[in-house]
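As structure tokens, the structure follows; a few thoughts come after it.
These figures come from a predicted structure and were not determined experimentally.
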Amino acid sequence: MEKFDHSYLKMAAIWAQNSYCKRRQVGALIVKDRMIISDGYNGTPSGFENICEDENGVTKPYVLHAEANAITKVAKSGNSSQGSTLYVTASPCLECAKLIIQAGITRVVYRDEYRLTDGVDLLRKAGIEVEKVD
């Protein structure tokens with residue numbers, strides 16, 4: 001564990017509070033050379049109403065995960081996430097794991113375990129350092 005892991009995870013948790021999702025609020029930060037280069041939280045794409053669940057409480061299929069929002073945001077910014085660390089409040093799903101690999105992120109630190117472990121398994125298989133921090 002690195003010195004600032006707890007602090008960045010706390011910041012990701014605060015960022016998660018910006019999410020309009022009711023079922024679960026997730027926050028993510030991408031940090032490189034001790035600088036936050038991107039942030040994200042789960043929610044609907046730009047231009048959509050900020051309602052994540054349908055009338056039955058089921059998450060809408062087009063809701064973006066916090067990691068996907070942070071990765072696409074860094075892509076727009078012109079920064080590079082190559083060699084960075086992703087801090088996220090919930091362990092990444094399989095789809096986000098693929099994005100993390102392709103974005104060149106080399107370390108993932110998360111707080112809460114997601115019910116499926118296939119995302120974390122894929123990250124480890126790709127040689128990405130994955131750490132759960134309480």
- Message: Closer than 3.5 angstrom, by distance alone: can the side chain of D39 be matched with the main-chain N or O of L29 as a donor-acceptor pair?
- Response: no

- Do P92 and L123 have side chains that get closer than 4.5 Å, going by heavy atoms? yes

- Partner of S84 under side chain to side chain contact (heavy atoms under 4.5 Å, CB included), chosen from V74, N79, V31, I105: I105

- Message: Determine whether a donor-acceptor pair (N or O, by modelled atom type, separation under 3.5 Å) exists between the side chain of S91 and the backbone of Y114.
- Response: yes

- Message: Could you check whether any side-chain heavy atom of M1 comes within less than 4.5 Å of a side-chain heavy atom of H6, counting everything from C-beta outward?
- Response: yes

- Can you tell me if K132 uses its side chain to pair, donor with acceptor, with the backbone of Y110 under 3.5 Å? no

- Task: Kindly say whether G43 contributes a backbone atom to a donor-acceptor pair with the side chain of S19 at under 3.5 angstrom?
- Result: no

- Should C93 and H65 count as side-chain neighbours, where that means a heavy-atom distance under 4.5 Å? yes

- Task: For residues R124 and I128, determine if any side-chain heavy atom of one lies less than 4.5 Å from a side-chain heavy atom of the other.
- Result: no

- S38 side chain to I30 backbone, donor-acceptor under 3.5 Å: no

- Query: Angle class for the Y41/W15 ring planes (parallel below 30°, perpendicular above 60°, tilted otherwise)?
  - Reply: perpendicular

- Query: Between the main-chain N or O of E49 and the side-chain N or O of T44, is there a donor-acceptor pair closer than 3.5 Å?
  - Reply: yes

- For M35, does its backbone N or O pair with a side-chain atom of D33 as donor and acceptor, under 3.5 Å? no

- Message: For V26, is there any backbone N or O sitting under 3.5 Å from a side-chain donor or acceptor partner on N42?
- Response: yes

- Query: Going by heavy atoms in the side chains, are I71 and I100 under 4.5 Å from each other?
  - Reply: yes

- What do the steps show when you test D5 against Y87 for side-chain hydrogen bond (donor to acceptor under 3.5 Å, both in side chains), and what is the final call? CA-CA 8 Å; D5 284 353; Y87 292 90; 2.7 Å; yes

- Query: Any donor-acceptor pair under 3.5 Å linking the side chain of K32 with the backbone of T85?
  - Reply: no

- Message: Go through it in stages, so that I can follow the logic: the residues are R111 and T89, the test is side-chain hydrogen bond (donor to acceptor under 3.5 Å, both in side chains), and I'd like the CA-CA distance, side-chain angles, deciding distance and then a yes or no.
- Response: CA-CA 5 Å; R111 187 188 64 196; T89 56; 4.6 Å; no

- Query: Which heavy atom of E53 sits nearest a heavy atom of K60, and at what distance?
  - Reply: O-CE, 3.6 Å

- Note, L86 side chain near R107 side chain (heavy atom, < 4.5 Å): no

- Of the non-hydrogen atoms in A90 and E67, which two are nearest, and what is the gap between them? O-OE2, 4.1 Å

